[in-house]
2 protein chains.
Amino acid sequence: MTRKVTIRDVAYLAGVSISTVSRVVSNKVNVNEITRQKVQRAIDKTGYEPNYTARALATKNTDTIAVIIDRTPSKGFANSFFLDILDAIATRLNFYSKDMLLVFSDGKNSTEYSKVKSLIQSNKIDGVIKLSVQKNDKTINFLKESSKPTVVVGRPNSKNMLSVNNDNPKAMQNAVNFLIKKGAKKPAFVGGNKEYIVTIDRQEGFELALKKHMINYDENDMYYVDFSIDAGYELADTLIEKEYDSVACTDDLIAYGIAKRYNELGKFIKIISFNNTYLSKISNLPFSSVDINAKLLGREAVDLIMNPQASQKQTIVDTKLIVRS
Amino acid sequence: MTRKVTIRDVAYLAGVSISTVSRVVSNKVNVNEITRQKVQRAIDKTGYEPNYTARALATKNTDTIAVIIDRTPSKGFANSFFLDILDAIATRLNFYSKDMLLVFSDGKNSTEYSKVKSLIQSNKIDGVIKLSVQKNDKTINFLKESSKPTVVVGRPNSKNMLSVNNDNPKAMQNAVNFLIKKGAKKPAFVGGNKEYIVTIDRQEGFELALKKHMINYDENDMYYVDFSIDAGYELADTLIEKEYDSVACTDDLIAYGIAKRYNELGKFIKIISFNNTYLSKISNLPFSSVDINAKLLGREAVDLIMNPQASQKQTIVDTKLIVRS
DNA sequence: CTGAAAGCGCTTACAG
DNA sequence: CTGAAAGCGCTTACAG
């Protein structure tokens with residue numbers, strides 16, 4: 001195993017100083033064309049590639065963005081939402097020549113917090129994108145004061161943070177309006193874990209729609225279950241018993257479980273849900289679902305983090321109700 | 001924004017040299033208890049956290065492992081396989097206090113190759129785990145000669161590489177045996193993209209089983225389609241026309257599409273597939289599927305990369321046919 | 001346009 | 001057990 005070639009080797013071979021090699025490599029500063037070519041030849045011959053850590057130490061720039069993904073909802077959002085947004089983020093980071101450090105967190109806000117804190121304080125990363133927001137989110141409170149740019153996908157509790165989000169209350173309100181237009185008189189709200197802001201925001205939309213249409217409801221008409229098919233499946237019996245004629249659900253996985261159970265019993269219920277994953281299509285009882293545009297959420301998150309001075313600190317990505325059945 | 005605290009500040013506050021601070025922090029070498037406490041107090045008071053890049057430069061150790069995920073099959077393996085293995089890898093890396101740099105590749109072997117090459121040559125990472133293997137995989141050929149430990153999830157074309165894999169020929173053979181035991185007389189093989197080794201290996205298992213049972217078949221009985229529900233759905237009409245009585249499929253997504261179409265037409269066909277994702281359960285026509293144990297694959301991959309000298313260079317993870325219907 | 005030098009913030013062999 | 005010094009491999013302000 002031959003020793004790694006350094007800037008010194010290239011400089012020696014080209015007969016110039018290491019400063020000059022550095023200038024050629026970084027390509028930021030004028031270098032005499034002849035010199036440039038000499039250096040380039042030496043680089044090509046040696047296969048020189050600058051040492052990442054040395055450069056990072058000198059420039060205080062790591063070209064790395066951490067992405068924090070929470071296991072709890074990522075199990076839930078039918079996975080494909082999370083893979084989609086990761087993919088979109090990766091693609092856009094690539095465009096900026098940045099790498100992605102992926103951190104799985106377990107929803108336990110404090111272990112996530114210490115991990116993120118240490119990444120930031122040790123200067124291993126240049127910024128962070130966080131893919132979910134909980135109530136009293138310790139990580140977010142820390143990031144808000146952090147020296148590194150941070151983007152939250154979701155609604156942070158502070159207006160000073162960079163964020164990209166859907167207008168969840170409005171999206172849910174529209175979806176419920178649609179349900180009502182189709183004849184719903186007694187809808188139930190079924191949300192995922194109530195600790196997540198996204199659940200709360202969609203519930204708000206549900207309530208707005210009902211109030212607008214003078215439909216009575218109370219807190220017993222709002223259910224919170226795990227982000228899973230099974231949870232929806234099990235809840236269905238309760239929904240049947242309570243004789244709801246429709247459900248506004250925050251997540252396709254849960255909705256799928258509900259639809260499955262109704263279908264099994266030869267019953268029918270109107271459903272709208274979120275994420276427009278393939279579950280909403282392949283169900284035997286296809287249901288309408290709000291497409292939240294994962295691709296664009298991911299892309300905008302990266303654009304924001306790369307341009308933290310942008311005037312627009314809160315980006316809202318449009319949603320679209322995909323109607324089925 | 002106050003200046004970042006460095007080892008120098010801590011040393012000054014504690015009244016010792018920076019060497020001593022370093023020793024206390026790294027905790028590898030004996031330090032007088034009194035001294036240790038002085039230093040510790042200074043660390044606590046200042047909130048000192050060692051600079052990652054500086055340490056990495058000095059130790060030539062990045063504590064970062066790159067994970068390469070290929071978009072093509074990851075769309076296909078019903079996604080959940082890939083999220084599962086990423087999750088397992090993340091969990092195990094965490095155990096070793098390593099971070100994960102996630103690289104999405106687009107299946108175009110040459111862009112992936114140059115990305116990986118640059119990560120390695122710039123010393124940004126300590127090792128790589130690659131989640132899929134193609135025929136003539138440029139990246140793998142490069143990694144094989146690389147100075148950094150590399151683990152392939154799948155079957156590499158070289159026995160010298162660290163790898164973790166299922167015994168795919170055997171797993172498929174067993175699954176097909178099961179199909180035959182259940183009465184299959186004319187099975188089709190349906191695989192994903194033929195460029196992936198995993199497709200080839202499972203096909204081999206299919207052929208082995210048929211030969212053993214003296215069932216005639218030829219290459220026209222083997223189909224290769226996209227890793228998608230739609231691809232399976234579309235293929236179904238051909239399968240019906242050719243009057244197959246069963247299908248051995250390499251991927252739940254495809255299998256689901258096939259099952260869906262048969263079901264739609266009020267027809268039935270025996271199916272076995274791979275990955276045991278929830279698609280195999282929720283189908284209206286539930287089918288048996290081989291669980292390839294993503295959790296263990298991920299965990300073993302990390303264990304291998306952390307112990308590259310291990311005697312066992314090729315780890316095989318057991319599979320289990322989950323029987324349904 | 002180019003080079004010498006200082007600096008980025010650590011680690012570690014060496015000497016005591 | 002501890003410190004001074006060299007070194008990791010770059011970048012960049014400064015001077016020419």
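A note on names: the letters A, B, ... follow the listed sequences, proteins ahead of strands, and every chain is numbered from 1.
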Return whichever of A:I18 or A:T35 has its heavy-atom-nearest nucleotide of DNA chain C closer to the 5' end.
A:T35
Is the phosphate of D:dG9, meaning OP1 or OP2, less than 4.0 Å from a side-chain N or O of B:K60?
yes
Rounded distance (Å) that lies between atom P of C:dT12 and atom CG of B:N61:
9 Å
If only side-chain N and O atoms count, and only distance matters, is there a donor-acceptor pair under 3.5 Å linking A:T64 with B:K124?
yes
Between CG of B:L57 and P of D:dA6 the distance, given in whole Å, is 17 Å
Describe the nucleic acid contact of A:V16 in one word from base, sugar-phosphate, nothing, applying a heavy-atom distance below 4.0 Å.
sugar-phosphate
May I ask you to say what A:S26 touches in the nucleic acid, namely base, sugar-phosphate or nothing, with a heavy-atom cut-off under 4.0 Å?
nothing
Compute whether any side-chain donor of one residue and acceptor of the other, for B:K135 and B:N157, lie under 3.5 angstrom apart.
no
Sort out the partner of D:dA4 for me: Watson-Crick or G-U wobble, both distances under 3.5 Å, none otherwise.
none
Can you tell me, in whole Å, how much space there is between the P of D:dC14 and that of D:dC10?
24 Å
Separation of C:dG9 C1' from B:N51 CG (nearest whole Å):
6 Å
What is the nucleic acid contact for B:T6, judged by heavy atoms within less than 4.0 Å: base, sugar-phosphate only, or nothing?
sugar-phosphate
Does the side chain of A:Y96 pick up a donor-acceptor pair with the side chain of A:D63 at under 3.5 Å?
no
Give one of base, sugar-phosphate or nothing for B:S22, where a contact means two heavy atoms less than 4.0 Å apart.
base
Rounded to whole angstroms, how far apart are CD on A:Q121 and P on C:dC10?
13 Å
Have a look at A:T20 and say if it touches a base, only the backbone sugar-phosphate, or nothing, with a 4.0 Å heavy-atom cut-off.
sugar-phosphate
Rounded to the nearest Å, what distance is computed from the NZ atom of residue B:K28 to the C1' atom of nucleotide C:dA13?
16 Å
Mind calculating the distance between CG (B:N123) and P (C:dC10) to the nearest angstrom?
20 Å
Taking OP1 and OP2 of C:dG3, is either one under 4.0 Å from a side-chain nitrogen or oxygen of A:S17?
yes
Sugar-phosphate only, base, or nothing, as touched by A:Y52 at under 4.0 Å among non-hydrogen atoms:
nothing
Would you mind checking if B:D99 and A:K115 are paired as a salt bridge, meaning a charged N to carboxylate O distance below 4.0 Å?
yes
Is D:dA13 paired to anything, Watson-Crick or G-U wobble with both distances less than 3.5 Å, and if yes, which nucleotide?
none
Contacts of A:G15 and B:V21 projected onto DNA chain C by closest heavy atom; the upstream (5') one is A:G15
Ignoring hydrogens and angles, state whether a donor on the side chain of A:R23 or A:T35 is under 3.5 Å from an acceptor on the partner side chain.
no
Report the distance from atom CD1 of B:I7 to atom C1' of C:dG9, rounded to the nearest whole Å.
8 Å
P atom, C:dT2 versus C:dA6: distance in rounded Å?
23 Å
Base, sugar-phosphate, or nothing: which does A:R23 touch, judged by heavy atoms less than 4.0 Å apart?
base
Is there a side-chain polar atom (N or O) of A:N30 under 4.0 Å from OP1 or OP2 of C:dC1?
yes
Taken to the nearest whole Å, NZ/B:K124 to C1'/D:dC10 is 15 Å
Between B:K130 and B:D137, is there a salt bridge with N-O shorter than 4.0 Å?
yes
